[in-house]
Amino acid sequence: MPAKTKSKKADDAVIEKGTTTTAVKEDTIAASEMSGSSKEPVKKPTARKPRAKKKTVVTEVEEGAVNAQAETPAETANVERAAVDRAEDEMAVSSEAPAAANVVQEPAESTQQQEIEIEEVSEITVMPKKKILFVASESTPFIATGGLAEVIGSLSKALAANENYDVRVVIPLYSDISWDYRSKFKYLGNIFVPLAWRNQYCGIFSYEMNGVTFYFIDNEYYFKRPGCYGYYDDGERYAFFCRSVMEIMPFLNFYPEIMHCHDWQAALAAIYLKTIYCFRPEYQFIRALFTIHNIEYQGKYSLDILEDLFGISNTWKYLLEYNKCINLMKAAIECSEKFSTVSPHYAMEIKDPYYSHGLDPIVRRNEFKLVGILNGIDTDAYNPATDISIFSHYNIDDLEPKKRCKEELQKMFNLPVKPDTPIIAIISRLVAHKGLDLVRTVIEEVLRQDVQVIILGKGDSSYENFFTDLSRRYVGKLVTIIAFNPDLSRKIYSGADLFLMPSKSEPCGLSQMIASRYGTVPIVRETGGLYDSIKPVGNGGNGFTFANYNAYDMLYVIREAINCYYNKDFWPELMRRVMSVDFSWQRSAKEYEKVYGEMLK
């Protein structure tokens, strides 16, 4: 009995220890196959079905063979030798090992036979945005004294609508900027700006709107004053502004590809770029475009202050000197890669001494880089269908509400409410080059007809006094408002029938475009942008025009327009024709994009 008991225990040990040895053998075989040592596949032998306990062990080995790294050969040999010493019947184990090895081999073979499909990804090209920096003295909606601000605010918005451009604008932080905007400005920091022997504080604020980033240069000594211009130290003020524009670029880590400077107040930015900053590597790839909005204002100063005020060495004196004085506009033309005007016809006119105010030799010498692009208007802001400033909304398909605008305008200014009496509007700065001397000559002859005249604007005291006195003598016929009032101007645009703009010189003009947008038919002299934007009605155009700067030529055209007004079949058709002309900035922005592209070639 003891002998039999011992034999039974030995058999159990063979089975259990054989199972362990099988697991070790399987690890060894799997390691050999995964390492590539077995060059031929193992043939599958016939074997009996393993017990449940053995099946569990084999499953564990299978998972280990597929998912885990194989043990090293030395470790495998040691484990195998220990298992053999404990086993009493090695043959029982050898009959089961091939079956287990085959179970392990199958996943290995299937793994080697798997095909990995690699999906081809199309190439993606990332193009950086072109960086444009506008340098100007004013911009809507923050501060405006004329058409320059309209251009900066609207053109930057139109360019920013193109995702290929990163458009930013920098202007001074004037005290007249409304607190509604100032309270939303973000303070970025401050630097000190060298200007000749001075080292001035410069605060930097920012504000984002319509996809455009606006920067504001703060210095209360220079800009905490009423208005924008007309101070004895304007030269120093805008020299500081332009030098600040150059100095904030490292602070902002923003170096534009195109620096677009507007009028003489920003001329020094282009001059500094090509003098003081031309040897600094980070500024060498900036291109300058200088736009002339009015060539009459050129920024003239004494040569004595070139170094002391502007901080420019006498080495560069030849760039700025013209007619024995500093001329900032002349120097900006010379220093810029291109310069432009705000209409094609004005680009032709400034080559003529009659219009150039002495700069025609410089313009003709640099004619190869001159381009004229007609300005536009913000058609969303000036939209009679949505404008909250007017008395009633209307559009090109429904002009009937415009009659109510006219009626309410007559009531506002205590004029007789006469639907059939044409209203002639003048919205302008009251200065000589706007053609006010022509108006002064013949206006009383105009008032003898059945018309009403509304004048809005401010300027030279001689014109202010003349038209104010005239309105007292022609009560019920003429109204004069000495003011700059954007809200009131929109009411006049929408309520008037005719808009008079007889400029002696007009680089572009926006008023005739705004009037057209509101269905008020323009009467203009053929000059500058007026010539480009308004064509004679007789030739299928959108207004009434005269060419000679003559008061009686203007009077003749005014009478022609009044006679057309009384043609009730033709007049609504003319209003629709006027309103249908595209004066949007999208058209003008495309022209500027072409210029930018040429400069970056």
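When the side-chain hydrogen bond (donor to acceptor under 3.5 Å, both in side chains) test is applied to T341, no partner is found at least two apart in sequence or on another chain. Looking at residues two or more places apart in sequence or on another chain, you find a salt bridge (charged side-chain N to carboxylate O under 4.0 Å, His left out) between E445 and R559. Under the rule for a ring-ring contact (aromatic ring centres under 6.0 Å, His included), F241 has no partner lying at least two apart in sequence or in another chain. In terms of the side-chain contact (heavy atoms from CB on, under 4.5 Å) criterion, residue partners of N314 (sequence neighbours excluded) are, by chain and number, L306, E307, K317. For P422, the side-chain contact (heavy atoms from CB on, under 4.5 Å) partners are V451, D497, I562, Y565, Y566, not counting sequence neighbours. Partners of Y277 according to the ring-ring contact (aromatic ring centres under 6.0 Å, His included) rule, which considers only residues two or more places apart in sequence or in another chain, are Y283. Checked against ring-ring contact (aromatic ring centres under 6.0 Å, His included), F134 has the following partners two or more places apart in sequence or in another chain: H260, H262. Evaluation of the salt bridge (charged side-chain N to carboxylate O under 4.0 Å, His left out) rule for D387 yields R490 as partners, not counting sequence neighbours. Taking the ring-ring contact (aromatic ring centres under 6.0 Å, His included) definition, one finds that Y493 meets it with F499, sequence neighbours left out.
Contact between C335 and A270 at its shortest, heavy atoms only, is CB-O, 3.9 Å. Between D308 and A196, the closest heavy-atom pair is O-CB, 3.2 Å. Closest of all the heavy-atom pairs between L574 and G541 is CD1-O, 4.2 Å. Closest of all the heavy-atom pairs between L273 and M246 is CD1-CE, 3.8 Å. Shown here for A160 and N210, the closest heavy-atom pair between the two residues is CB-O, 3.9 Å. S588 and G376 make their closest contact through OG-N, 3.7 Å (heavy atoms, listed as atom of the first residue, atom of the second, distance).
Between F223 and F240, the ring planes lie tilted relative to each other; the angle falls in the 30° to 60° range.
Within the 4.5 Å cutoff, the side chain of I258 has no heavy atoms near those of the L133 side chain. Taking 4.5 Å as the limit, some side-chain heavy atom of L436 sits within range of a side-chain heavy atom of S428. P256 places none of its side-chain heavy atoms less than 4.5 Å from the side chain of I132. For the pair M579 and P384, the minimum side-chain heavy-atom distance is below 4.5 Å. Counting only heavy atoms from C-beta outward, the side chains of L374 and V342 never approach each other to under 4.5 Å. Using a 4.5 Å heavy-atom threshold, the side chains of V169 and Y215 count as separate. Using a 4.5 Å heavy-atom threshold, the side chains of L328 and Y297 count as separate. No side-chain heavy atom of K504 sits under 4.5 Å from any side-chain heavy atom of T527.
By the 6.0 Å contact criterion, NZ on K131 is enclosed, its count of non-hydrogen atoms from other residues, nucleotides or ligands being greater than 12. With a 6.0 Å radius and a threshold of 12 heavy atoms from other residues, nucleotides or ligands, Y556 has its OH atom at or below the threshold. Open room surrounds CE on M348; 12 or fewer heavy atoms of other groups in view lie less than 6.0 Å from it.
Using modelled atom types, one finds a donor on one side chain and an acceptor on the other under 3.5 Å when comparing Y549 with D437. Counting only N and O atoms by type, the side chains of E236 and Y222 include a donor and acceptor under 3.5 Å apart. A side-chain donor-acceptor contact under 3.5 Å links T545 and E526.
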Practice task
Could you please spell out the steps behind the side chain to side chain donor-acceptor pair (under 3.5 Å) verdict for E334 and Y318?
Solution key: CA-CA 11 Å; E334 298 279 15; Y318 70 95; over 6 Å; no
Exercise for the section: Would you sort out whether R473 and E444 count as a salt bridge (Lys or Arg N to Asp or Glu O under 4.0 Å), showing the intermediate values? Expected result: CA-CA 10 Å; R473 291 191 283 123; E444 293 194 64; 3.8 Å; yes
Practice task
Step by step, work out the salt bridge (Lys or Arg N to Asp or Glu O under 4.0 Å) result for E337 and K274.
Solution key: CA-CA 10 Å; E337 276 74 16; K274 298 304 168 66; 2.7 Å; yes
Practice task
Decide yes or no on salt bridge (Lys or Arg N to Asp or Glu O under 4.0 Å) for K458 and E464, but give the supporting numbers first.
Solution key: CA-CA 7 Å; K458 59 191 303 184; E464 291 181 359; over 6 Å; no
Exercise for the section: Give the intermediate values and the outcome of salt bridge (Lys or Arg N to Asp or Glu O under 4.0 Å) for residues K434 and E506. Expected result: CA-CA 8 Å; K434 292 293 185 181; E506 193 64 59; 3.0 Å; yes
Problem - Test log, rule side chain to side chain contact (heavy atoms under 4.5 Å, CB included), inputs L320 and N327 - result: CA-CA 6 Å; L320 292 94; N327 190 309; over 6 Å; no
Exercise for the section: Step by step, work out the side chain to side chain donor-acceptor pair (under 3.5 Å) result for S462 and D460. Expected result: CA-CA 5 Å; S462 60; D460 292 349; 5.0 Å; no
Please output the side-chain donor-acceptor pairs of residues 478-485 that fall under 3.5 Å, not counting sequence neighbours, one pair per line with the distance.
{"residue": "T480", "atom": "OG1", "partner": "F467", "partner atom": "O", "Å": "2.9"}
{"residue": "N485", "atom": "OD1", "partner": "D487", "partner atom": "N", "Å": "3.2"}
{"residue": "N485", "atom": "OD1", "partner": "L488", "partner atom": "N", "Å": "2.9"}

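Pairs of residues two or more places apart, or lying in two chains, that qualify as ring-ring contact (aromatic ring centres under 6.0 Å, His included) and include a residue from residues 321-357 are H345-Y531. Sorted by first and then second residue, the salt bridge (charged side-chain N to carboxylate O under 4.0 Å, His left out) pairs with a member in residues 587-596 read E591-K594; sequence neighbours excluded.
Partner of S137 under the side chain to side chain donor-acceptor pair (under 3.5 Å) criterion, chosen from Y238, Y229, W264: Y229.
Checked against a 6.0 Å centroid threshold, the rings of Y301 and F310 count as neighbours. A distance of 6.0 Å or more separates the ring centres of F142 and Y174.
Ion pairing between a basic and an acidic side chain is recognised when a charged N comes within 4.0 Å of a carboxylate O; D582 and R517 show no such pairing.
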